[in-house]
Amino acid sequence: MMQMIMPWRHVFKLDPDKGIADEALDAVCMSGTDAVMVGGSSGVTFDNTVELLSRIRRYEVPCVLEVSDLEAIVPGFDLYMIPMVLNASDSAWLVGHHQRAVEEYGYMIPWELLVPEGYIVLNADSTVARLTGAQTQLDAAGAAAYAQVADKLMSLPVVYVEYSGTFGDMETVRHIHRSLNGAKLFYGGGIKDADSARQAADVCDTIVVGNAVYEDLKQALLTVKAIKE
Ligand SMILES: CC(C)=CCC/C(C)=C/CC/C(C)=C/CC/C(C)=C/CC/C(C)=C/CC/C(C)=C/CC/C(C)=C/COP(=O)(O)OP(=O)(O)O
Ligand SMILES: O=P(O)(O)OC[C@@H](O)CO
Ligand SMILES: [Mg+2]
């Protein structure tokens, strides 16, 4: 599974809770992005996830599910990304829901398709920060320390710096990137055009573009070419 995510530089994240027209979905899937990630922090259900997956499956682009709800785990994705929120105030978001999922799914879990992600949530004003009670007041060294726990103590393959909804502090992201040995660094939050995509791509391994797809698709599509030139 690491072989699959290693070369990713660009990912579009689509939210099953948000509608997307066929034409827009076509543009996203044919954009040259490395993968489409399906996920959101609220309103994700089994039905809206199945519906989105079946539409994306008309295309060749890799399609992965970022699991956020036990009730919305749908078979048929290429990979399952499993967020573990390192700076959550409640350990349910670090390992609790995960323990319940493993107990429930047991032997049915295709472990080779699971990719754990060490999430560091840094935008206090985001749904995911509120949901998980994330301790977002971290300086660069504090955030990098979480990243090193994920990378060096927990051997997680991915660290995900999550500024969902706002463009983050790129110096913090650079600092985190430099502190990693083995883990790949994903960055998401507020990337909405070519310029913000280049800035973020400069300081991480993989950029994730979410809300921009729904807010200004034309600009969102420019993020692919911008970082692949
Ligand atoms: C046969 C078969 C396919 C079996 C399935 C195997 C499988 C995948 C088993 C599950 C194993 C497992 C360990 C599952 C974990 C279950 C779980 C519920 C874990 C909790 C995950 C978590 C920490 C969720 C919190 C929210 C979060 C971090 C979501 C990630 C996505 C995110 C941050 C989206 C941004 O949200 P958005 O809505 O876009 O935000 P804005 O409103 O700001 O835009
Ligand atoms: O929606 P945006 O702000 O682009 O963030 C992308 C992604 O990191 C959300 O989980
Ligand atoms: Mg979003």
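In listed order, ligands and their atoms are each counted from 1.
With a 4.0 Å heavy-atom cut-off, ligand 1 is reached by the backbone of S41 and by its side chain too. When non-hydrogen atoms are compared, ligand 1 lies under 4.0 Å from neither the backbone nor the side chain of L94. Within the 4.0 Å heavy-atom criterion, the part of V128 lying near ligand 1 is the side chain and not the backbone. With a 4.0 Å heavy-atom cut-off, ligand 1 is reached by the side chain of Y119 but not by its N, CA, C or O. Only the side chain of E162 comes within contact range of ligand 2, with a heavy atom under 4.0 Å; no backbone atom does. Neither the backbone nor the side chain of M84 comes within 4.0 Å of ligand 1, counting heavy atoms alone.
In this structure, the side chain of S68 does not engage the main chain of S41 through any donor-acceptor pair within 3.5 Å. Side chain of D151 to main chain of A183: a donor-acceptor pair is present (N/O by atom type, distance under 3.5 Å, no hydrogens or angles). A donor-acceptor distance shorter than 3.5 angstrom exists from the side chain of Y214 to the backbone of D15, with no hydrogens or angles considered. Listed for the N87 side chain is a donor-acceptor partner under 3.5 Å among the backbone atoms of V121. A donor-acceptor pair under 3.5 Å links the side-chain atoms of S89 to the main chain of G133, judged by distance alone.
The shortest distance between side-chain heavy atoms of Y160 and V208 falls below 4.5 Å. Using a 4.5 Å cut-off on side-chain heavy atoms (C-beta onward), L70 and Y105 make contact. Here the side chains of K13 and V213 are not in contact, with every heavy-atom distance at 4.5 Å or above.
Interface of L70 with ligand 1, defined as ligand atoms under 4.0 Å from a residue heavy atom, comprises 18 (C). Within ligand 1, counting atoms from 1 as listed, the ones closer than 4.0 Å to a heavy atom of V67 are 16 (C), 21 (C). Heavy-atom proximity to E162, at under 4.0 Å, picks out these atoms of ligand 1: 32 (C), 33 (C). Close contacts between ligand 1 and N211 involve ligand atoms 44 (O) [criterion: under 4.0 Å to a heavy atom]. Taking a cut-off of under 4.0 Å to the non-hydrogen atoms of W93, the atoms of ligand 1 that pass are 22 (C), 23 (C), 24 (C), 25 (C). Atoms of ligand 1 lying under 4.0 Å from any heavy atom of H97, numbered from 1 in the order shown and given with element: 17 (C), 18 (C), 19 (C), 20 (C). Heavy-atom proximity to P75, at under 4.0 Å, picks out these atoms of ligand 1: 3 (C). The contact set between ligand 1 and D15, taken as ligand atoms under 4.0 Å from a residue heavy atom, comprises 38 (O).
In this pair, H97 and W93 present their aromatic rings tilted. The plane angle is within the 30 to 60° band.
Taking only non-hydrogen atoms, the option from K18, M108, H98 nearest to atom 19 (C) of ligand 1 is H98. Around atom 7 (C) of ligand 1, the closest heavy atom drawn from V74, I73, V102 belongs to I73. For atom 12 (C) of ligand 1, the choice among G188, S126, A101, G190 with the nearest heavy atom turns out to be A101.
A salt bridge is absent between E103 and R100: the closest approach of a Lys/Arg side-chain nitrogen to an acidic carboxylate oxygen does not fall below 4.0 angstrom.
Looking at ligand 1, you'll find an N or O of S164 within less than 3.5 Å of one of its N or O atoms. The shortest N or O to N or O distance between E66 and ligand 1 is not under 3.5 Å. At a 3.5 angstrom cut-off on N or O pairs, V208 does not count as close to ligand 2. Ligand 2 has no N or O atom lying under 3.5 Å from any N or O atom of Y119, backbone or side chain. Polar contact check, V209 against ligand 2: no nitrogen or oxygen pair lies under 3.5 Å apart. For ligand 2, none of its N or O atoms has an N or O atom of E66 under 3.5 Å away.
Taking 4.0 Å as the cut-off, Y163 does not count as a neighbour of ligand 2 on heavy-atom distance. Residue P110 places a heavy atom under 4.0 Å from ligand 1. Heavy-atom separations between A212 and ligand 2 are all 4.0 Å or longer.
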| request: Please step through side chain to side chain contact (heavy atoms under 4.5 Å, CB included) for the pair R55 and I20, ending with a clear verdict. | output: CA-CA 10 Å; R55 293 172 67 203; I20 183 165; 3.8 Å; yes
| task | Given side-chain hydrogen bond (donor to acceptor under 3.5 Å, both in side chains), test T172 with D169 step by step and report yes or no. | result | CA-CA 5 Å; T172 297; D169 176 26; 2.6 Å; yes
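Among the candidates R198, K192, Q199, the single residue satisfying the side-chain hydrogen bond (donor to acceptor under 3.5 Å, both in side chains) test with D195 is Q199.
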